[in-house]
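Right, one structure below, let's go through it.
These numbers come from the heavy atoms of this one structure, side chains and all, not from hydrogens, waters or symmetry mates.
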There are 2 protein chains.
Amino acid sequence: MSYLNNPQLSEVKLKVLNSALHLFVEKGYFNTSIPDLVKHSGVSTGSIYHGFKDKQSIAEELMAQLLWQIEGEQNAVLAPEKDAWQQYYDLCRWLLETAQNHPHVSQFALRAQHKEFMPELAPICSSKPFIRLREVLERGMQQGLIREMNPMIAAASAYGGVLRLIQLSLDQMLSQPPLEYLDEITETCWRSVAADTEK
Amino acid sequence: MSYLNNPQLSEVKLKVLNSALHLFVEKGYFNTSIPDLVKHSGVSTGSIYHGFKDKQSIAEELMAQLLWQIEGEQNAVLAPEKDAWQQYYDLCRWLLETAQNHPHVSQFALRAQHKEFMPELAPICSSKPFIRLREVLERGMQQGLIREMNPMIAAASAYGGVLRLIQLSLDQMLSQPPLEYLDEITETCWRSVAADTEK
DNA sequence: GTCTATATCTAGATAGAC
DNA sequence: GTCTATCTAGATATAGAC
């Protein structure tokens, strides 16, 4: 089952967007020509340009769809009654799951240099899903589970390790699939921001 | 003073490489044309192609020069007599310094999707400087300053936060220049891998 | 709405004078 | 070694039949 499956979208648009996700990640946006998309998707040039204004708008619609789907999944993962540690753990599991089961999605959302082909798009780190990652840590500070500190530092430290691990995984630098490291990486990263429980 | 200044290189090659660094980061490799390089460097098309085989080899030589220079600086930073914490701290200061004083260098080395325009280049995380980052942590484990754990996890956690902070800085998401966060981010990230000194 | 055929343009790369 | 002028290929995008 492919990741993109918004029933609002026509069959051809879905085909094109799925091919775009595949090819943009495998070859890069600029190395992917419209004829490449035609070949991979089975949709003709004319139909592509009937559905999309130009090549850039394919990337933009792809990004919008992915963000929409990511946001939905993230909301489903976040159970408000849990404490900050549990929320953090669940979010990290979801991040690693996505990297494992839909590596192209992670790669496009996290690694692509969007500025180069979507100049007016806001950077991914100011997107809703990234903001919610930070919010979990801020709740953790209010709960006393995380020590008081600069929220940006806390976010960089708590999620930086996990995101770095995902990048290493996408670069084939790990011997195991990413989820294998879930407990070890979350416990390790959490220590960096956790309040001292000793005293 | 520009970052690239290897006296082995001819004046024109240096001009071209410095312009390439600037333009590849500002506009991206694929959005930078040879005429763009001509305009920015003041070197003519003919001279560029006299010095370089093709556009790709400009990027390759740029990367090679940067890695060579980075490796030299890293060696100068690493004082072998210091303990692992001090080495880690010095390396992080050097990373943040580079991001602050030569953001284009950090951006090209850390963020560019090299695979897309230099297909046969090894990923940056398997380069010598990245390996040395990991070695410092392994020495830390031998010294008992870092708890025993998967070296990849340790590296992802200890450096992931710092690298993440650098990315946020390059994305203009921080209010202060990166070096301002040096102590806070290193102490925070180090906690994640530090051995328990209590017992 | 979907297709094929094609127009147009710009990039990378070269030729050849100096 | 450096320059200008130019070639050529392949990309995006369009036109127009069905």
(Q) Check whether B/Y29 forms a cation-pi arrangement with B/K55 (NZ or CZ under 6.0 Å from the six-membered ring centre, at most 45° off the ring normal). (A) yes
Q.
Any base atoms under 4.0 Å from B/T32, or only sugar-phosphate, or nothing? Heavy atoms, all strands.
A. sugar-phosphate
(Q) Please report the distance, rounded to the nearest Å, between CG in A/L37 and C1' in C/dC3. (A) 17 Å
Q | Between C/dG12 (C1') and A/N31 (CG): distance, integer Å | A | 14 Å
Q) Which comes earlier along DNA chain C counting from the 5' end, the contact point of B/D36 or that of A/S47, where each point is its nearest nucleotide? A) A/S47
(Q) Without decimals, in angstroms, what is the distance between A/F52 CZ and C/dG1 C1'? (A) 14 Å
Q | Which residue lies more 5' along DNA chain C, comparing B/P35 with A/T45 via nearest heavy atoms | A | A/T45
Q) Given D/dC3, C/dT4, D/dG1, which nucleotide is nearest the side-chain atoms of A/S44? A) C/dT4
Q) Within a radius of less than 6.0 Å around CD of B/Q8, do more than 12 heavy atoms belonging to other residues, nucleotides or ligands occur? A) no
(Q) If you only use heavy atoms from C-beta on, which nucleotide in C/dG12, C/dT2, D/dT12 is closest to the side chain of A/I34? (A) D/dT12
Q) Roughly how many Å is it from NE2 in B/H50 to C1' in C/dA13, rounded to a whole number? A) 16 Å
Q) Roughly, in whole Å, what's the span from NZ in B/K15 to P in D/dT2? A) 9 Å
Q: Using only side-chain N and O atoms of A/Y49, determine if any of them is under 4.0 Å from OP1 or OP2 of D/dA13.
A: yes
**Q.** Short side-chain donor-acceptor distance under 3.5 Å, B/D83 and B/Q143
**A.** no
Q: To the nearest Å, give me how far apart NZ (A/K55) and P (D/dG10) are.
A: 15 Å
(Q) I want to confirm an ordering. Mapping A/S33 and A/G46 to their closest nucleotides on DNA chain D, which one lands closer to the 5' end? (A) A/S33
Q: Give the rounded distance in Å between these two atoms: CZ of A/F30 and P of D/dG10.
A: 19 Å
Q.
With a 3.5 Å distance limit and no angle check, can you tell me whether A/D171 reaches the backbone of A/M173 through a side-chain donor-acceptor pair?
A. no
Q. Do B/D183 and B/Y89 have side-chain atoms, one donor and one acceptor, less than 3.5 Å apart?
A. yes
Q: Measure from the side-chain heavy atoms of A/D54 and tell me the nearest of D/dA13, D/dT12, D/dC3.
A: D/dA13
